[in-house]
Structures are given as C-alpha cells and as structure tokens.
There are 2 protein chains.
Amino acid sequence: MTKDLEEKLAELCKEKGMRLTGPRRTILRVLSASPDHPDAEELHRRVMAVEPGINIATVYRTMNTLAEHGLIERHSFADGRARYEAGGSEHHDHFVNVETDEVVEFRCDEIEILQQKIAREHGFEIVGHRLEIYVRPLSGKAGI
Amino acid sequence: MTKDLEEKLAELCKEKGMRLTGPRRTILRVLSASPDHPDAEELHRRVMAVEPGINIATVYRTMNTLAEHGLIERHSFADGRARYEAGGSEHHDHFVNVETDEVVEFRCDEIEILQQKIAREHGFEIVGHRLEIYVRPLSGKAGI
DNA sequence: ATAATTGCAAACATTTTGCGAACGC
DNA sequence: GCGTTCGCAAAATGTTTGCAATTAT
C-alpha cells in the first residue's frame with residue numbers, strides 16, 4: 001500500500017509535467033511512508049535521514065508544488081505552521097486527543113451533507129473545509 | 001440594558017486581576033467595535049487610529065493575555081496568521097470566503113449533535129472543536 | 001538543448017522577548 | 001512602593017525568493 005503510494009505520486013508528477021528529480025523522489029518516498037501530518041521541519045528531518053544534503057527550501061518548494069497540483073494536502077492546525085499529508089486517501093477530518101496530542105482520522109458523511117446544505121443556504125459553494133474536534137478519552141481519569 | 005461590550009470586558013479584566021492601562025483600554029474599545037476577525041496588524045491599525053503610539057508588541061501581548069483569560073478567542077485560519085474575536089458571543093463556526101478573505105459566522109446544531117455522536121462512538125469526550133468551511137459565492141461570476 | 005529544479009543565503013512575514021522606563025493599584 | 005505593563009529594538013520562528021549551478025527530459 002505504501003509502496004504503491006510512492007509510485008502513484010511519481011506517476012501523477014509526470015502526468016502534471018513535474019520532473020522526477022532525486023530530491024523530489026526522496027520527498028515522495030518519505031511522504032508516502034508518513035501516516036501522520038508532519039510539518040516542514042519534521043519532513044526535512046525524515047528526508048535528511050534517507051538522503052542527506054537536501055535543503056529545507058526544497059522541501060517547502062516541493063510541498064507547495066505538490067499541493068498546487070493537488071497531490072498532497074496542506075493543513076494548518078492551531079500551532080500555526082503548515083503540516084502536510086499525502087493525498088490519495090479519502091477525505092477525512094480529525095480528532096485531536098488533547099491529552100496525548102495524538103491525531104485520529106474520522107469521516108462523517110452526514111456532517112458533510114449538512115455542510116453543503118448550510119453553505120448553500122448562505123449562498124456559498126464549498127471549496128474545502130477543516131474540522132478538528134479536540135477530545136479526551138471518555139471513561140478515563142480527568143487530565144490535569 | 002446592554003452594557004457596552006467594552007465595559008463588560010473591562011470589568012472582566014479587573015476581575016482577573018489585569019490592570020486597566022491606557023493602551024489596554026483602547027484595545028478593548030477597538031476590539032468591542034470590531035464585528036469581524038482582525039489579525040494583529042489590522043487591529044494595530046485600528047488602535048493607532050484611536051490612539052497613536054501604541055506598539056504592535058502591546059497588541060500581541062494584550063491579545064495573548066486576553067485569550068489566556070478567556071476574554072477573547074484566537075483563531076488561526078488557513079492564511080497562517082492569528083485572528084482575534086471578542087468573546088461573549090454564542091458559539092459559532094466560520095465560513096471563509098476564499099475570494100475576499102471575508103469571514104462569516106454560522107451555527108448548525110445538527111452538526112454539533114453529530115459531532116457528539118461520532119466522538120462518543122470513538123470513545124471520546126469533546127473538549128472543543130473548530131470547523132471552517134472555505135467557500136466562494138455561489139452562482140454568478142467565477143473567480144480567477 | 002533548454003526549461004525546471006536545486007542549494008545556498010538572504011529576504012520576508014509574523015510573533016515573541018529582554019530591558020529599562022512608565023504606570024495602575 | 002510594588003508588581004504590571006509599556007515602548008522599543010532585537011531575536012526567534014516559519015516560509016519564500018533571487019541567483020548561479022545542476023539536472024531531467
């Protein structure tokens with residue numbers, strides 16, 4: 001599944017006319033192997049572990065290019081910096097466990113439908129959306 | 001009846017032990033008169049129009065303090081910078097018009113209820129949430 | 001060949017911080 | 001008077017960009 005994703009992204013790059021350079025290939029590989037939502041610095045760290053010498057500016061530029069072509073998603077959570085996620089997976093939203101900072105994906109079609117409805121009622125067409133639900137485990141002891 | 005929002009905020013400040021300095025008063029005034037969600041720079045611009053000489057660092061510090069004490073809300077939309085909103089109003093979510101950067105508030109109880117439901121299904125208790133729907137005007141002229 | 005992409009450093013944008021002076025309580 | 005807050009300038013982040021060299025097609 002993971003291996004496929006890298007190839008799929010590589011193919012999409014070619015389709016879009018993007019050149020498959022060494023650094024870009026490495027970035028695609030790292031991205032494909034990242035099930036989470038790393039920011040540029042973390043991504044760069046992982047890329048450097050695979051192939052040192054790649055500049056963080058290249059990471060930024062590549063992420064921007066990939067996002068422009070719709071190959072990845074660029075989130076910006078509350079912390080301010082941009083976080084990236086390899087596209088290809090289905091749309092989903094996020095639970096953020098405030099006690100562990102863990103992110104859990106979920107999907108709720110009914111909510112999506114309601115969004116469409118209320119947007120239309122306001123005279124809008126949806127371009128995209130972001131839903132984060134900050135949570136803590138149900139039964140567990142209260143945090144701090 | 002409606003005690004001025006500015007007065008309400010001022011009182012809350014005192015309650016929380018925050019000093020009501022000149023600059024802070026001005027910032028509360030501007031904030032109270034801002035129905036939108038200005039960022040620090042815009043807020044500073046408005047503050048300067050009322051009383052020149054207030055530094056933008058003071059705006060940042062004041063917004064942080066107010067947010068820590070729960071008197072205002074600090075949003076961070078996709079554009080990266082922080083935007084502030086005088087609290088006190090009911091909970092709501094946001095449409096962000098991607099063509100104008102304008103923010104429109106909305107509220108949808110059905111969505112809130114679905115959130116509760118799906119969170120519970122995942123074994124979570126909701127602490128808070130954030131929903132932004134990025135939109136463009138429906139019918140008329142296409143953007144770009 | 002030639003246009004896209006890279007590394008590097010410098011520029012940029014936003015937000016925070018150290019400090020001594022000024023101020024509210 | 002004492003602790004908070006201020007203005008200022010400098011630092012800290014996070015991200016983008018100009019340019020000459022390199023590389024994929």
Side-chain angles (χ1 to χ4, degrees), chain A residues 9-31 37-48 50-69 71-84, chain B residues 7 9-31 37-48 50-69 71-84 101:
Chain A
L9 288 176
E11 263 170 46
L12 281 170
C13 277
K14 290 208 161 182
E15 270 176 38
K16 302 280 185 177
M18 301 173 59
R19 292 186 180 171
L20 262 191
T21 66
R24 193 165 279 172
R25 180 116 229 168
T26 302
I27 291 172
L28 291 185
R29 178 162 310 144
V30 166
L31 210 50
H37 307 69
D39 60 18
E41 201 187 339
E42 173 62 22
L43 212 39
H44 182 229
R45 201 174 297 124
R46 296 179 194 177
V47 164
M48 291 289 274
V50 175
E51 190 197 311
I54 294 178
N55 197 280
I56 195 171
T58 299
V59 172
Y60 275 110
R61 269 189 286 230
T62 303
M63 300 322 277
N64 286 344
T65 307
L66 291 176
E68 275 162 26
H69 288 90
L71 304 204
I72 65 164
E73 273 187 65
R74 181 191 194 166
H75 301 289
S76 87
F77 295 96
D79 58 16
R81 62 213 122 117
R83 289 165 171 273
Y84 307 94
Chain B
E7 279 318 306
L9 288 175
E11 263 172 45
L12 282 170
C13 277
K14 290 207 161 182
E15 271 176 37
K16 303 279 185 177
M18 300 173 59
R19 291 188 179 169
L20 263 191
T21 65
R24 195 165 279 173
R25 243 238 127 81
T26 302
I27 290 172
L28 291 185
R29 178 163 310 144
V30 167
L31 212 48
H37 307 69
D39 61 18
E41 201 187 339
E42 173 62 23
L43 213 39
H44 182 229
R45 203 174 295 124
R46 296 180 192 177
V47 164
M48 291 288 274
V50 175
E51 191 197 310
I54 295 178
N55 196 280
I56 196 171
T58 300
V59 172
Y60 275 110
R61 268 189 286 229
T62 303
M63 300 321 278
N64 285 345
T65 307
L66 291 176
E68 276 161 25
H69 288 89
L71 304 204
I72 65 164
E73 274 186 65
R74 180 193 196 167
H75 301 289
S76 87
F77 297 103
D79 58 16
R81 64 213 117 116
R83 289 162 170 270
Y84 307 94
D101 261 0

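FYI, side chains are in, hydrogens and waters are out, and symmetry mates aren't considered; it's all heavy atoms of this structure. Protein chains get the first letters and strands the later ones, always in sequence-line order, with residue 1 at the start of each.
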Task: Nearest-nucleotide 5' precedence on DNA chain D, Y60(A) against T21(A) - done: Y60(A)
- [ ] Could you list all the side-chain hydrogen bond (donor to acceptor under 3.5 Å, both in side chains) pairs where at least one residue sits in residues 51-67 of chain B, not counting sequence neighbours?
- [x] T26(B)-E51(B), N64(B)-R74(B)
Open item on the list: Expressed as a whole number of angstroms, how long is the span from Y84(A):OH to dG14(D):C1'?
Closed with: 9 Å
Task: Candidate pair K14(B) and M18(B), rule side-chain contact (heavy atoms from CB on, under 4.5 Å), full reasoning - done: CA-CA 5 Å; K14(B) 290 207 161 182; M18(B) 300 173 59; over 6 Å; no
For residues 37-48 of chain A, which side-chain donor-acceptor pairs fall under 3.5 Å, sequence neighbours excluded?
| from | atom 1 | to | atom 2 | distance (Å) |
| --- | --- | --- | --- | --- |
| H37(A) | NE2 | E85(A) | OE1 | 3.4 |
| D39(A) | OD1 | E41(A) | N | 3.3 |
| D39(A) | OD1 | E42(A) | N | 2.8 |
| D39(A) | OD2 | R81(A) | NH1 | 2.7 |
| E41(A) | OE2 | R45(A) | NH2 | 3.4 |
| E42(A) | OE1 | R45(A) | NH1 | 2.2 |
| E42(A) | OE2 | R46(A) | NE | 2.7 |
| E42(A) | OE2 | R46(A) | NH2 | 3.2 |
| H44(A) | NE2 | I54(A) | O | 2.7 |
| R46(A) | NH1 | S34(A) | OG | 2.9 |
| R46(A) | NH1 | D36(A) | OD1 | 3.1 |
| R46(A) | NH2 | D36(A) | OD2 | 2.8 |

Open item on the list: Within the 4.5 Å heavy-atom criterion, are L66(B) and C13(B) side-chain neighbours or not?
Closed with: yes
TODO: Could you tell me from which nucleotide to which nucleotide of DNA chain C, 5' to 3', there is an atom under 4.0 Å from chain B heavy atoms?
DONE: dT14(C) to dC25(C)
- [ ] Report which part of the nucleic acid R25(B) touches: base, sugar-phosphate, or nothing (heavy-atom distance under 4.0 Å, all strands).
- [x] nothing
Open item on the list: In whole Å, I'd like the distance from the CG atom of L43(A) to the C1' atom of dG14(D).
Closed with: 14 Å
Open item on the list: Nearest 0.5 Å, please: how far is CG in L9(A) from CD1 in I72(A)?
Closed with: 9.0 Å
TODO: Flag the pair Y84(A) / H75(A) as yes when at least one side-chain heavy-atom distance between them is below 4.5 Å, and no otherwise.
DONE: no
TODO: Applying salt bridge (Lys or Arg N to Asp or Glu O under 4.0 Å), name anything that partners R24(B), two or more places apart in sequence or on another chain.
DONE: none
Report all interatomic pairs (protein N or O, nucleotide N or O of nucleotides 8-12 of chain D) with separations under 3.5 Å.
| from | atom 1 | to | atom 2 | distance (Å) |
| --- | --- | --- | --- | --- |
| dC8(D) | N4 | R61(B) | NH2 | 3.3 |

- [ ] Identify whether any heavy atom of R83(B) sits under 4.0 Å from a base atom; if not, whether one sits that close to sugar-phosphate; answer base, sugar-phosphate or nothing.
- [x] nothing
- [ ] Could you tell me whether D39(A) contacts a base, only the sugar-phosphate backbone, or nothing, with contacts defined as non-hydrogen atoms closer than 4.0 Å?
- [x] nothing
Task: Within residues 12-20 of chain A, residues whose heavy atoms come under 4.0 Å of DNA chain C - done: M18(A), R19(A)
Open item on the list: Both R81(B) and G22(B) contact DNA chain C. Which one's nearest nucleotide lies toward the 5' end?
Closed with: R81(B)
Task: Contacts of type side chain to side chain donor-acceptor pair (under 3.5 Å), residue S76(B), not counting sequence neighbours - done: R130(B)
Open item on the list: Any non-hydrogen side-chain atom of L71(A) less than 4.5 Å from a side-chain atom of L28(A)?
Closed with: no
Task: Estimated bend of the helix from dA1(C)-dT25(D) to dC25(C)-dG1(D) (axis per five terminal pairs, rounded to 10 degrees) - done: 40°
